[in-house]
Amino acid sequence: MSNRLELLPAVDVRDGQAVRLVKGASGSETSFGEPLAAALAWQSAGAEWLHLVDLDAAFGTGDNRALVREVTERLDIKVELSGGIRDDATLAAALATGCRRVNLGTAALETPEWVAKVIAEHGDRIAVGLDVVGTTLKGRGWTKDGGDLFEVLARLDAEGCARYVVTDVNRDGTLTGPNLQLLRDVCAATDRPVVASGGVSSLADLRAIATLVPEGVEGAIVGKALYEQKFTLEEALEAVS
Ligand SMILES: O=C(O)c1ccccc1N[C@@H]1O[C@H](COP(=O)(O)O)[C@@H](O)[C@H]1O
């Protein structure tokens, strides 16, 4: 495990546009233009990863599958892909884009046997997104409760899940800072790497997350702060180097 925090700039796609939501609420979108342009800009700025989300697929309002595939194919950097990956067909399509790994959200809550099977088949190309309010997991576009964080985490650990992407839904898109205690609590409960998501607003927030690398935090997703130019990606990479 590296001792440097990885940064994953986010491109969330809704209706063909790169958008940011507030607390994941459908309808709270601010649009930031072409997803491919945003992704290429993060790549040019030195990103090693892109966190790419098909929000329509996550909300069940359609999908942006062709666009997501084009973005993934056009990039040289690693892509973490999520949104609507819930069965064999959607998983096969996601993995066929050439992404490095996928995040499963709803499926980990609703079809645990299938998730155990694909973890066994695909190893660390599968991560699970643990999207929480308090310690209650959220699925189906973060609109449905899906069980207790620590119970599901223990089950997924036992099934060999390689990595978790932990999002505090109430911080996401709010620029109010990451939930460091949540990250500490998850790291204490698992020996698998954790990617932090939600709330980053400043370089100080990234430095604070970086202090948790020894506890098991591997990376941080950065969205609205980059789009709203709170800092540049170059500054962020320098801050955690
Ligand atoms: O990223 C968001 O803002 C977001 C908002 C609402 C729902 C999902 C969101 N993102 C990611 O989508 C996947 C879950 O998709 P699914 O449940 O597997 O279809 C997960 O990585 C969320 O973090």
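Just follow the structure's listing: the first ligand is 1, and inside any ligand the first atom is 1.
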Side-chain heavy atoms under 4.5 angstrom apart, residues restricted to Ile, Leu, Val, Met, Phe, Trp, Tyr: same cluster for Val240 and Leu203? yes

Set of residues satisfying side-chain contact (heavy atoms from CB on, under 4.5 Å) with respect to Glu73, sequence neighbours excluded: Arg69

Nitrogen or oxygen of Arg140 less than 3.5 angstrom from that of ligand 1: no

To check your reading of the model: name the closest protein heavy atom to atom 10 (N) of ligand 1, its residue, and the distance in Å. Val53 CG1, 3.6 Å

Atoms of ligand 1 under 4.0 Å from any heavy atom of Ala58, numbered from 1 in the order shown, are 8 (C), 15 (O), 19 (O)

Do any nitrogen or oxygen atoms of Gly105 come within less than 3.5 Å of a nitrogen or oxygen of ligand 1? yes

What atoms of ligand 1 come closer than 4.0 angstrom to any heavy atom of Asp12? 1 (O), 2 (C), 3 (O)

among protein heavy atoms, the one nearest atom 7 (C) of ligand 1 is Gly141 CA, 3.5 Å

Answer yes if Leu104 and Val79 sit in the same cluster of Ile, Leu, Val, Met, Phe, Trp and Tyr residues linked by side chain heavy atoms under 4.5 Å apart, and no otherwise. yes

Do Asp157 and Thr190 have side-chain N/O donor and acceptor atoms under 3.5 Å apart? yes

Identified side-chain hydrogen bond (donor to acceptor under 3.5 Å, both in side chains) partner of Ser31 from the options Arg20, Arg14, Gln17: Gln17

Give the single entry among Asp172, Asp131, Asn103, Leu21 that approaches atom 20 (C) of ligand 1 most closely by any heavy atom. Asp131

Thr106, portion touching ligand 1 at heavy-atom distance under 4.0 Å: both

Quick check on contacts: which atoms of ligand 1 are under 4.0 angstrom from a heavy atom of Arg86? 16 (P), 17 (O), 19 (O)

Is the closest N or O pair between Ser82 and ligand 1 shorter than 3.5 Å? yes

With Trp42 as reference, evaluate Tyr227, Phe32, Trp49 under the ring-ring contact (aromatic ring centres under 6.0 Å, His included) test and give the passing residue. Tyr227

Polar contacts were defined as any N/O atom of the residue lying under 3.5 Å from an N/O atom of the ligand; does this apply to Leu55 and ligand 1? no

Any salt bridge between Arg86 and Glu110, counting N to O under 4.0 Å? no

Tell me whether Gly83 reaches ligand 1 (any heavy atom closer than 4.0 angstrom to a ligand atom). yes

Quick one: look up the protein heavy atom nearest atom 9 (C) of ligand 1 and list residue, atom name and how far away it is. Trp142 CZ2, 3.6 Å

Matching residue for Asp124 among Arg100, Arg101, Arg192 - test: salt bridge (charged side-chain N to carboxylate O under 4.0 Å, His left out): Arg100

Is there a polar contact between ligand 1 and Thr167, counting only N or O atoms under 3.5 Å apart? no

Contact with ligand 1 for Ala107, non-hydrogen, under 4.0 angstrom: no

Test salt bridge (charged side-chain N to carboxylate O under 4.0 Å, His left out) applied to Arg4 and Glu48, step by step: CA-CA 12 Å; Arg4 183 174 61 89; Glu48 295 176 7; 3.3 Å; yes

Atom indices of ligand 1 within 4.0 angstrom of Gly24 heavy atoms, with elements: 5 (C), 6 (C)

Strictly by modelled atom types, are Thr90 and Arg65 linked by a side-chain donor-acceptor pair under 3.5 Å? no

Looking only at heavy atoms of Val165, does any of them come nearer than 4.0 Å to an atom of ligand 1? no

Give a yes or no answer on whether the side chain of Asn170 reaches the backbone of Val133 with a donor-acceptor pair at less than 3.5 Å. no

